[in-house]
Undergrad: 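Submitted below is the structure of interest, expressed as structure tokens.
Here is the naming used below: chain letters follow the sequence lines, and residue numbers restart at 1 for every chain.
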Protein chains: 2
Amino acid sequence: MPSETPAAYDPSAYPPFAVTVDLVVLTIRAGALRVLLVRRATEPFAGRLALPGGFVQIDEDLLPAARRELAEETGVRLGRAHLEQLGTYGHPDRDPRMRVVSVAYLALVPDLAQPVAGTDAAEADLVPVAAVEPLDRLAFDHGRILADGLERARAKLTYTTLATTFCPPEFTVTELRAVYEAVWGTTVDPRNFHRKVLASDGFVEPTGETTTRGGGRPAQLHRQGSAEQLHPPLTR
Amino acid sequence: MPSETPAAYDPSAYPPFAVTVDLVVLTIRAGALRVLLVRRATEPFAGRLALPGGFVQIDEDLLPAARRELAEETGVRLGRAHLEQLGTYGHPDRDPRMRVVSVAYLALVPDLAQPVAGTDAAEADLVPVAAVEPLDRLAFDHGRILADGLERARAKLTYTTLATTFCPPEFTVTELRAVYEAVWGTTVDPRNFHRKVLASDGFVEPTGETTTRGGGRPAQLHRQGSAEQLHPPLTR
DNA sequence: GCAAAAGTGTTACCCTTACACCCATGT
DNA sequence: ACATGGGTGTAAGGGTAACACTTTTGC
């Protein structure tokens, strides 16, 4: 906010930018961490995979814009999803059409059972992150944004309780453990994991119900705990 | 990046935004964590304290814009400063003049011995964060940005080696400890701190020189280590 | 009964914390 | 000598990791 312009506030006197939001939507399906990508139908980068996103409206705040795009592209209702700002990307040449600054958001959502159909024409897919083509093949600088989103997601899972946002409304401790194993491709000791999760205050809350959907002895069902706070590092 | 506009790419067809960078510049002086604030000379918010910042130029990337503003406002040369993106603030009403999206950066710098004289006319001051007036008295949404910056800085100091960026090129372990004590207003056991810092690989490197500037037994001098990475949590 | 998954107990080990103690300088 | 801060040794306690073991279901 400079003091260079004492008199008139003519917007056209300042460099005009377009502002977009782009979304790194992560979920877990079939034991794999996946990211929502769309196939671009138009130039530039026609035919290339890209992150979903779109222009911010002139009277719209950034987070609502991201929420709107998430809803439009995935149909996810928001109580169950985590959405946070990831970073802003504004290299002058990132969009060949014009000067665009894009605010990227990171979304962690439970497995979207409904096949994801974007309202925009392009085809949409949940791609396992391990199988995403070389990142520089993505449109714009979306490879970098995706890499940053994955790094952020992995970091936050280690010191927050966010892993529960990948789970359905009711889940077992084993299902929660599967989240960690999917995100890092490692295995975690089930016994120690079980204890740590239950010992961590506000991580999960028992519903009182049980399920045998995993086979074997019935497991307690839990829902997301109240604490979205930091907690002692888990696993790794 | 939508596919809504197949044919012409007329920039004026998209909502026009102004984009600025704002800086949360933190340093430590006289045992207190301080933030660089400027007194606004012009409307809106004339006379109010604000974060330094300014408009991004049309062909300028965001980080260089922040670097430029930092250099212009503080004269800090960049090898010794840490600069990272903090977040982006774009509420439609945050600037009464027009729609402005501001990308905030967080800078951690060693004590700027030279009195900070902004190139922009406004008066500039290093204000102890404990003494900053109520945050909602700052111009625009800068109170929120400052709060977010402080939270980020405290978080990063706990699990990275960034505290060294507050120190002069050569410093003693005790001087580094003073950083932690200033940031949290607590005391830290000097003996255990000493060992932990030296045990943490890449945190600091001994120069071989010693100093008695703190009084008492001469202390080894160190410089910033090579690892700007995560390390086991320190203190607290 | 047997396989499979849920959940508990136990122990070795590591890291942190607290604090006693020694070291090297200025005055 | 003594005050002041720099630096090392050490032992108690808490948390983690490894893994043996018990529980409860389906088939």
Undergrad: Is there a donor-acceptor pair under 3.5 Å between the side chain of A:E69 and the backbone N or O of A:D22?
TA: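 Not at all, since once roles are kept as given, no pair shorter than 3.5 Å links the two residues.
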Undergrad: Test your reading of the model: is there a side-chain donor-acceptor pair from A:Q224 to the backbone of A:V204, 3.5 Å cut-off?
TA: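 The answer is no, because no donor-acceptor pair under 3.5 Å joins these two groups.
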Undergrad: Can you name the atoms? Protein N/O to nucleotides 23-25 of chain C N/O, anything below 3.5 Å, with the distance.
TA:
residue : atom : partner : partner atom : Å
C:dC23  : O4'  : B:R217  : NH1          : 3.4
C:dC23  : O2   : B:R217  : NH1          : 3.2

Undergrad: Whole angstroms only, please: what is the CD-C1' distance between A:E209 and D:dT24?
TA: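 That distance rounds to 17 Å.
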Undergrad: Any idea which heavy atoms bring A:C167 and A:F171 closest together, and the distance?
TA: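 Where A:C167 meets A:F171 most closely, the heavy atoms are CB-CD2, 3.5 Å.
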Undergrad: So, applying side chain to side chain contact (heavy atoms under 4.5 Å, CB included) with B:V109, which one of B:T27, B:L83, B:L36 is it?
TA: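 Single side chain to side chain contact (heavy atoms under 4.5 Å, CB included) partner of B:V109 among B:T27, B:L83, B:L36: B:T27.
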Undergrad: For B:F171 and D:dG5, give me the distance from atom CZ to atom C1', rounded to whole Å.
TA: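 So the two atoms are 18 Å apart, to the nearest Å.
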Undergrad: Polar atoms only, N or O, under 3.5 Å: list the protein pairs with nucleotides 10-13 of chain D and their distances.
TA:
residue : atom : partner : partner atom : Å
D:dT10  : O4   : B:R195  : NH1          : 2.9

Undergrad: Could you tell me the separation between the CZ atom of B:R213 and the P atom of C:dG26, rounded to a whole number of Å?
TA: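 For the pair B:R213 CZ and C:dG26 P, the rounded distance is 15 Å.
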Undergrad: Can you see if the side chain of A:H194 gets near the phosphate of C:dA6 - specifically, an N or O under 4.0 Å from OP1 or OP2?
TA: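 False: A:H194 side-chain N/O out of range (4.0 Å or more) of C:dA6 OP1/OP2.
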Undergrad: Separation of B:L221 atom CG from D:dG5 atom P, in whole Å?
TA: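 Distance, rounded to whole Å: 17 Å.
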Undergrad: In terms of side-chain heavy atoms of B:K196, which of C:dT16, C:dA6, C:dA20 is nearest?
TA: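 From the listed options, C:dT16 comes nearest.
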Undergrad: What residues, two or more places apart in sequence or in another chain, satisfy side chain to side chain donor-acceptor pair (under 3.5 Å) together with B:E84?
TA: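 Residues passing side chain to side chain donor-acceptor pair (under 3.5 Å) with B:E84: B:H82, B:R152, B:K156.
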Undergrad: Is there a donor-acceptor contact under 3.5 Å linking the side chains of B:D148 and B:Y89?
TA: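 Yes.
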Undergrad: Rounded to whole angstroms, how far apart are CZ on A:R191 and P on D:dT16?
TA: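 One finds 17 Å between P of D:dT16 and CZ of A:R191, rounded.
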Undergrad: Looking at every non-hydrogen atom in both residues, tell me the closest pair between A:G149 and A:L26 and how far apart they are.
TA: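 Minimum heavy-atom contact is O-CD1, 4.5 Å.
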Undergrad: Classify the angle between the aromatic ring planes of B:Y180 and B:W184 as parallel (below 30°), tilted (30 to 60°) or perpendicular (above 60°).
TA: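 It falls in the parallel class, under 30°.
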Undergrad: Report the distance from atom CG of B:L176 to atom P of D:dG7, rounded to the nearest whole Å.
TA: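 One finds 12 Å between P of D:dG7 and CG of B:L176, rounded.
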Undergrad: Throw together a table of side-chain donor-acceptor distances under 3.5 angstrom for residues 213-222 of chain B, partners on residues two or more places apart or in other chains.
TA:
residue : atom : partner : partner atom : Å
B:R213  : NE   : B:E175  : OE2          : 2.6
B:R213  : NH2  : B:E170  : O            : 3.1
B:R213  : NH2  : B:E175  : OE1          : 2.8
B:R213  : NH2  : B:E175  : OE2          : 3.2

Undergrad: For the side chain of A:R40 and the backbone of A:R48, is there at least one donor-acceptor N/O pair under 3.5 Å apart?
TA: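 A pair under 3.5 Å: no.
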Undergrad: Got a list of side-chain donor-acceptor pairs under 3.5 Å for residues 126-139 of chain B, not counting sequence neighbours?
TA:
residue : atom : partner : partner atom : Å
B:E133  : OE1  : B:R137  : NH1          : 3.4

Undergrad: Select one nucleotide: of D:dC21, C:dA6, D:dG6, the one nearest the side-chain heavy atoms of A:R177.
TA: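 Closest nucleotide among those given: C:dA6.
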Undergrad: May I have the distance from B:D189 (atom CG) to C:dC21 (atom P), rounded to whole angstrom?
TA: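 Checked: the CG to P distance equals 16 Å.
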Undergrad: Enter the inter-axis angle for the ends of the helix from C:dG1-D:dC27 to C:dT27-D:dA1 (five pairs per end, rounded to 10°).
TA: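 Computed angle between terminal axes is 10°.
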Undergrad: Figure out the CZ/C1' separation between B:F193 and C:dC19, and round it to whole Å.
TA: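 Answer to the nearest Å: 18 Å.
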